[in-house]
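Below: one structure, written as structure tokens.
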Amino acid sequence: MKAYYFLLGAILFEVMGTMILPLSKNFTKPLPSIALTISYLVAFYLLTYAIKDIPIAIAYASWGGIGIFLITLFGYIFYDQMLQWQSVFGLALIALGVAIVNIYKA
């Protein structure tokens, strides 16, 4: 169970780094650039602990799926990015896929 906390932390730091990317203005703004670099480094560090107990395919599928979902949600909230219904449907399928992968892991 502890591995899933590491995975959740890795996902959250990766999402934070991704959300800071536009603020870095192609790495021309020092503070956001440093913050996003640290976020990604912490994310990968935590991921290494998660994959000790979680198969890498399961961890990476969860990382990717939940990350995409959260980045899309936060993009809507913080950057006013709108989605078409087809995109929302696709995100629902990603969430369903991540749930199925985690439910039926061996």
Side-chain angles (χ1 to χ4, degrees):
M1 187 65 179
K2 190 175 178 181
Y4 280 96
Y5 290 121
F6 284 118
L7 180 59
L8 178 62
I11 292 167
L12 294 177
F13 273 97
E14 185 265 338
V15 168
M16 182 170 50
T18 302
M19 294 306 296
I20 296 171
L21 267 172
L23 302 176
S24 76
K25 306 284 187 198
N26 294 331
F27 289 94
T28 59
K29 303 289 183 188
L31 252 46
S33 298
I34 292 168
L36 79 88
T37 302
I38 290 171
S39 295
Y40 281 131
L41 288 172
V42 171
F44 281 106
Y45 180 75
L46 293 173
L47 184 62
T48 63
Y49 284 100
I51 62 173
K52 283 183 177 181
D53 296 322
I54 303 170
I56 195 163
I58 303 298
Y60 199 73
S62 301
W63 162 299
I66 296 169
I68 289 169
F69 189 83
L70 289 175
I71 289 166
T72 303
L73 177 66
F74 292 152
Y76 173 77
I77 293 170
F78 296 113
Y79 295 115
D80 203 30
Q81 296 174 344
M82 304 302 287
L83 295 175
Q84 296 178 339
W85 71 267
Q86 296 93 336
S87 298
V88 174
F89 180 69
L91 287 169
L93 291 176
I94 290 171
L96 179 64
V98 169
I100 290 171
V101 164
N102 280 286
I103 290 170
Y104 294 105
K105 68 179 182 264

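As the structure is a prediction and not an experimental result, all values here were calculated from the model.
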For [X] versus [Y], what's the shortest heavy-atom pair and its separation?
| X | Y | answer |
| --- | --- | --- |
| Ala3 | Asp53 | CB-CB, 3.7 Å |
| Ile51 | Ala59 | CG2-CB, 3.8 Å |
| Ile11 | Gly67 | CG2-N, 4.2 Å |
| Ala61 | Val98 | O-CG2, 3.6 Å |

Residue [X] excluded, over 12 heavy atoms near [atom1] under 6.0 Å:
| X | atom1 | answer |
| --- | --- | --- |
| Gln84 | CD | no |
| Leu31 | CG | no |
| Ile56 | CD1 | no |

Can you find a pair of side-chain heavy atoms, one from [X] and one from [Y], that are under 4.5 Å apart?
| X | Y | result |
| --- | --- | --- |
| Tyr40 | Thr18 | yes |
| Thr37 | Phe27 | yes |
| Glu14 | Phe44 | no |
| Leu7 | Leu46 | no |
| Gln81 | Tyr76 | no |

Rounded to the nearest 0.5 Å, what's the gap from [atom1] on [X] to [atom2] on [Y]? Could you check?
| X | Y | atom1 | atom2 | value |
| --- | --- | --- | --- | --- |
| Phe13 | Leu8 | CZ | CG | 10.5 Å |
| Leu23 | Ser33 | CG | OG | 9.5 Å |
| Leu70 | Leu73 | CG | CG | 6.5 Å |
| Leu91 | Leu96 | CG | CG | 12.5 Å |

Are [X] and [Y] joined in one hydrophobic group, where the rule is that I, L, V, M, F, W and Y side chains link up if heavy atoms are under 4.5 Å apart?
| X | Y | result |
| --- | --- | --- |
| Ile34 | Ile20 | yes |
| Phe89 | Ile68 | no |
| Ile77 | Leu12 | yes |
| Tyr60 | Tyr5 | no |
| Ile71 | Phe78 | yes |

If only atom types and distance count, is the side chain of Tyr4 paired as donor or acceptor with the main-chain N or O of Ala50 below 3.5 Å?
->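 A pair under 3.5 Å: no.
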
Would you say the side-chain atoms of Ser87 pair up with the backbone N or O of Leu83, donor to acceptor, closer than 3.5 Å?
->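 Checked: no pair found.
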
Going through the checks in order, is the side chain to side chain contact (heavy atoms under 4.5 Å, CB included) test met by Ile94 and Phe69?
-> CA-CA 8 Å; Ile94 290 171; Phe69 189 83; 5.8 Å; no

Taking the six-membered ring for Trp, are Tyr49 and Phe6 parallel (under 30°), tilted (30 to 60°) or perpendicular (over 60°)?
->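 Tyr49 and Phe6: parallel rings.
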
